[in-house]
Visitor: 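My questions will all concern the structure given below.
Values in this document were obtained by computation on a predicted structure and should not be read as measured data.
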Amino acid sequence: PEIIFAGEETPILVTIENRKRFFPSYSVVAEVRGREHERSSILDDLKRILPDRLAARLARPPIMRRTLSYFVHIPRHGSVENKDTHIFTRRGRFLIKDFELSTRFPFGFFRHRKRLAARETELIVFPRIDDVTFDAAAASIDTGKAATSKRGSGQDLLSMREYQPNDDLRRIDWKATARSRSLMVREFAAEDERKVTIYFDTRIEATDSNMTLRQKIEAENAGKDINASESFEQAVDRTAAVAAHLLTTDAEVRLITPAETGEFGTGSRHLHDLLRRLALIDPDVQRAEQRSPAPNLEELFRDVPESHNIVITASAGDVSPLPAQTQIISF
C-alpha cells in the first residue's frame, strides 16, 4: 500500500511464478533485502581512527532482510499468490535492493538461494498516530472561533437580504420570506482562519555509551539503531498525532524543524507530507559542551503573528523568549 504506519498490520500481496517445464517447487521462502539507513551509525567512530575516505568505504549501512511469504507448493508452469501481513515496528525508510528465494527442500541439510534483481523502491513508514491529550489539542479548540464582520461559512448570523441568482437555496429563510413576501436568504459571518505552527526541536542530549566499536558494529548488523532515543521517538509520534488532530478540524498547519520550514496547508495530502517528514527526521545528538544555541522563537514566528504556536522540545527551559499564543510540550 501507499501508506504504511509503524506498529500496524500492512497487507502484502506476493506472487511467485514457477517457470520450470517439468518439476514443481516446494517449501520456498520469499524475502526482500534492502537498507534502512543511508548513513552508517558508526561512521563518526571510524572517522576518529581512520581517514575519512577509508571510513566512508568501511562504514556502509548493513543490508537487512524481511520475510515476505512462505510457499508450500508451486506447480510447474504455474503461479501462486499469497496475501500476508507485515508489521513495521518503527518509522523510517526501507530501500529495496533485491529479492531472494530460498528453500531447504528436500532434506533440509542445505539452503539453496536465488537472488532476483529488483527496481529500487523506497518504502516510507509513517510514525504512529495515537490519541492526543486535551492539552495537546487545545490549539484547535481555542483558535479561529472568533467571528468577524466578513461574510463566510461560519455559524453566526450576520444579516438577512433578498435572494439573488446563484444563491444557495439552502440559505433561504422561509419565515422571513413569509413576512416580507419576497425570498430572503441568511448571511453568516466568517470565522478567523485557524493557523497553527508546530516547531519540533530535534536537539537531544548525548548519553554516554559503554559499547565498544565492535559491539556497535554487531548491533548495527543486527538491525538495531544505536543512536535511537525512546523519548525522541515518543515525541515524533506525539507530533504526528497533534498534526493529524489539528488537520481534522480544518486548521491550517505547518511544521518547522531546525533543518526545514514547511508551508501552511490543509487536507489529507498535506498530512501525508508532514508524516513523511516526521518519518525521516533524525535526532540532533549534542554533547553539553558542543550544544548549539536555542532558536529565537519570536523571530521564527514573526511572519505569521496570528498563528497559534506549539513547541515540542527536550529543553523547555532553553527556548526563550516565547511569543504570545505559544504552548510548550516537553519530552
Side-chain angles (χ1 to χ4, degrees), residues 1-20 23-43 57-106 108-129 216-228 233 236-237 240 272-273 275-282:
E2 296 182 0
I3 300 175
I4 302 173
F5 286 95
E8 296 185 4
E9 290 188 349
T10 302
I12 297 179
L13 198 64
V14 186
T15 304
I16 187 168
E17 180 183 357
N18 184 2
R19 296 181 178 177
K20 291 185 289 187
F23 299 103
S25 296
Y26 297 94
S27 186
V28 177
V29 178
E31 297 176 306
V32 61
R33 303 185 338 129
R35 289 187 170 92
E36 294 183 342
H37 302 282
E38 294 182 350
R39 184 178 184 272
S40 174
S41 56
I42 61 171
L43 179 59
R57 292 188 61 183
L58 294 177
R60 294 182 177 179
I63 295 178
M64 310 303 298
R65 297 173 179 269
R66 293 186 181 273
T67 301
L68 297 177
S69 188
Y70 174 74
F71 298 85
V72 178
H73 172 259
I74 309 168
R76 63 183 183 91
H77 267 303
S79 63
V80 177
E81 184 178 84
N82 284 356
K83 184 176 181 179
D84 295 280
T85 57
H86 184 79
I87 297 178
F88 293 85
T89 58
R90 60 189 180 189
R91 66 177 179 90
R93 62 156 55 92
F94 186 80
L95 183 61
I96 294 177
K97 183 177 182 293
D98 54 32
F99 295 96
E100 184 174 280
L101 303 179
S102 62
T103 180
R104 291 183 179 273
F105 182 81
F109 298 133
F110 304 99
R111 178 180 289 274
H112 305 277
R113 302 179 185 271
K114 173 73 174 180
R115 294 274 172 84
L116 301 175
R119 181 181 58 193
E120 284 197 356
T121 304
E122 185 181 53
L123 302 181
I124 302 298
V125 182
F126 290 166
R128 295 179 177 86
I129 297 182
K216 290 182 179 180
I217 294 175
E218 292 176 350
E220 185 180 61
N221 291 335
K224 300 178 181 179
D225 189 356
I226 61 177
N227 293 325
E233 294 302 319
V236 173
D237 294 343
H272 294 162
D273 291 339
L275 294 178
R276 180 183 178 90
R277 290 176 57 193
L278 290 173
L280 303 179
I281 199 169
D282 291 321

Visitor: So with a 6.0 Å cut-off around CZ of Arg113, is the heavy-atom count from everything else above 12?
Guide: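 Above 12, so yes.
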
Visitor: Go through Val125 and Phe94 one step at a time and tell me if the side-chain contact (heavy atoms from CB on, under 4.5 Å) criterion holds.
Guide: CA-CA 8 Å; Val125 182; Phe94 186 80; 5.8 Å; no

Visitor: Could you grab the distance from atom OG1 of Thr15 to atom CG of Asn82, nearest 0.5 Å is fine?
Guide: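 Rounded to the nearest 0.5 Å, the OG1-CG separation comes to 8.5 Å.
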
Visitor: Looking at side-chain heavy atoms only, is the closest gap between Asn18 and His77 below 4.5 Å?
Guide: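 No, every pair of side-chain atoms sits at 4.5 Å or beyond.
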
Visitor: Taking the side chain as every heavy atom from C-beta outward, state whether Asp237 and Ile129 have any pair of such atoms under 4.5 Å apart.
Guide: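 With C-beta onward as the side chain, the pair stays apart.
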
Visitor: Can you tell me if Arg111 and Ser102 form a side-chain donor-acceptor pair at under 3.5 Å?
Guide: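 Arg111 vs Ser102: donor-acceptor pair found between side chains.
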
Visitor: Hey, are the side chains of Val236 and Arg91 touching, using non-hydrogen atoms and a 4.5 Å cut-off?
Guide: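 Yes, side chains in contact.
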
Visitor: Pro1: what forms a side chain to side chain contact (heavy atoms under 4.5 Å, CB included) with it, not counting sequence neighbours?
Guide: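 Pro1 satisfies side chain to side chain contact (heavy atoms under 4.5 Å, CB included) with Ile4, Thr10, Pro11 only.
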
Visitor: Roughly how far apart are His37 NE2 and Leu43 CG, rounded to 0.5 Å?
Guide: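 CG of Leu43 is found 13.5 Å from NE2 of His37.
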
Visitor: For the residue pair Ala59 and Ser40, what are the closest heavy atoms and their distance?
Guide: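 Heavy atoms of Ala59 and Ser40 come nearest at O-CB, 3.2 Å.
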
Visitor: Consider salt bridge (Lys or Arg N to Asp or Glu O under 4.0 Å). Of Arg35, Lys97, Arg276, which one does Glu122 pass it with?
Guide: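 By the salt bridge (Lys or Arg N to Asp or Glu O under 4.0 Å) criterion, Glu122 pairs with just one of Arg35, Lys97, Arg276: Arg276.
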
Visitor: Which heavy atom of Val80 sits nearest to which heavy atom of Ile74, and what is that distance?
Guide: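 Of all heavy-atom pairs spanning Val80 and Ile74, the closest is CG2-CA, 4.0 Å.
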
Visitor: Using side-chain heavy atoms (C-beta onward) and a distance below 4.5 Å, is His73 in contact with Ser25?
Guide: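 Of all side-chain heavy-atom pairs linking Ser25 with His73, none is under 4.5 Å.
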
Visitor: Check this for me: Glu17, atom CD, are more than 12 non-hydrogen atoms of other residues, nucleotides or ligands nearer than 6.0 Å?
Guide: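 Yes, CD of Glu17 has more than 12 neighbouring heavy atoms, counting only those of other groups under 6.0 Å.
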
Visitor: How far apart are the C-alpha atoms of Phe99 and Leu101, what are their side-chain angles, what is the distance that settles it, and do they pass the side-chain contact (heavy atoms from CB on, under 4.5 Å) test?
Guide: CA-CA 7 Å; Phe99 295 96; Leu101 303 179; 5.9 Å; no

Visitor: Over all heavy atoms of both residues, which pair between Thr103 and Tyr26 is shortest? Give the atoms and the distance, please.
Guide: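 Heavy atoms of Thr103 and Tyr26 come nearest at OG1-O, 3.0 Å.
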
Visitor: Using the benzene-type ring in the case of Trp, are the ring centres of His112 and Phe110 under 6.0 Å apart?
Guide: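 No, too far apart.
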
Visitor: Would you indicate whether the side-chain heavy atoms of Leu13 and Glu81 approach each other to under 4.5 Å?
Guide: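 A side-chain contact under 4.5 Å exists here.
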
Visitor: Restricting to side chain to side chain donor-acceptor pair (under 3.5 Å), what partner residues turn up for Thr67, sequence neighbours left out?
Guide: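 Result, side chain to side chain donor-acceptor pair (under 3.5 Å) vs Thr67: none returned.
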
Visitor: Which heavy-atom pair separates Ala240 from Leu275 by the least distance, and what is that distance?
Guide: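 For Ala240 versus Leu275, the nearest heavy atoms are CB-CD2, 3.6 Å.
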
Visitor: Taking side chain to side chain donor-acceptor pair (under 3.5 Å) as the test, write out the residues that go with Asp84, two or more places apart.
Guide: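 Counting only residues at least two positions away or on another chain, Asp84 forms a side chain to side chain donor-acceptor pair (under 3.5 Å) with Ser69.
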
Visitor: Residues two or more places apart in sequence or in another chain: which of them pass salt bridge (charged side-chain N to carboxylate O under 4.0 Å, His left out) with Arg76?
Guide: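 Arg76: no salt bridge (charged side-chain N to carboxylate O under 4.0 Å, His left out) contacts found.
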
Visitor: How far apart are the C-alpha atoms of His86 and Leu68, what are their side-chain angles, what is the distance that settles it, and do they pass the side-chain contact (heavy atoms from CB on, under 4.5 Å) test?
Guide: CA-CA 8 Å; His86 184 79; Leu68 297 177; over 6 Å; no

Visitor: Could you pull out the closest heavy-atom pair between Ile96 and Ala118, with the gap in Å?
Guide: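 Shortest heavy-atom contact: CG2-CB, 4.2 Å.
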
Visitor: Just verifying a value: how many Å separate Arg128 CZ and Leu278 CG, rounded to the nearest 0.5 Å?
Guide: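 One gets 14.0 Å once the value is rounded to the nearest 0.5 Å.
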
Visitor: Are more than 12 heavy atoms, taken from residues, nucleotides or ligands other than Arg57, located less than 6.0 Å from that residue's CZ atom?
Guide: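 Not more than 12 within 6.0 Å, no.
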
Visitor: If the condition is side chain to side chain donor-acceptor pair (under 3.5 Å), which residues does Glu36 pass it with, not counting sequence neighbours?
Guide: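 Only Arg66, Arg90 meet the side chain to side chain donor-acceptor pair (under 3.5 Å) criterion with Glu36.
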
Visitor: May I ask you to test the Tyr70-Ser27 pair for a side-chain heavy-atom distance under 4.5 Å?
Guide: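 Yes. Closest side-chain heavy atoms under 4.5 Å.
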
Visitor: Phe5: what forms a ring pair (Phe, Tyr, Trp, His ring centres under 6.0 Å) with it, not counting sequence neighbours?
Guide: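 Partners of Phe5 by the ring pair (Phe, Tyr, Trp, His ring centres under 6.0 Å) criterion, ordered by chain and then number, come out as Phe126.
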
Visitor: How many angstroms lie between CD in Glu8 and OG1 in Thr85, if you round to the nearest 0.5 Å?
Guide: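 So the CD of Glu8 and the OG1 of Thr85 are separated by 12.5 Å.
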
Visitor: Return yes when atom CD of Glu9 has more than 12 non-hydrogen atoms of other residues, nucleotides or ligands closer than 6.0 Å, and no otherwise.
Guide: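 Atom CD in Glu9 is not crowded, with 12 or fewer foreign heavy atoms closer than 6.0 Å.
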
Visitor: Under a 4.5 Å cut-off applied to non-hydrogen side-chain atoms, are Arg33 and Met64 in contact?
Guide: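 Arg33 does not reach Met64 side chain to side chain.
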
Visitor: Where do Ala117 and Asp98 come nearest, in terms of heavy atoms and distance?
Guide: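 Shortest heavy-atom separation between Ala117 and Asp98 comes out as CA-CB, 4.4 Å.
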
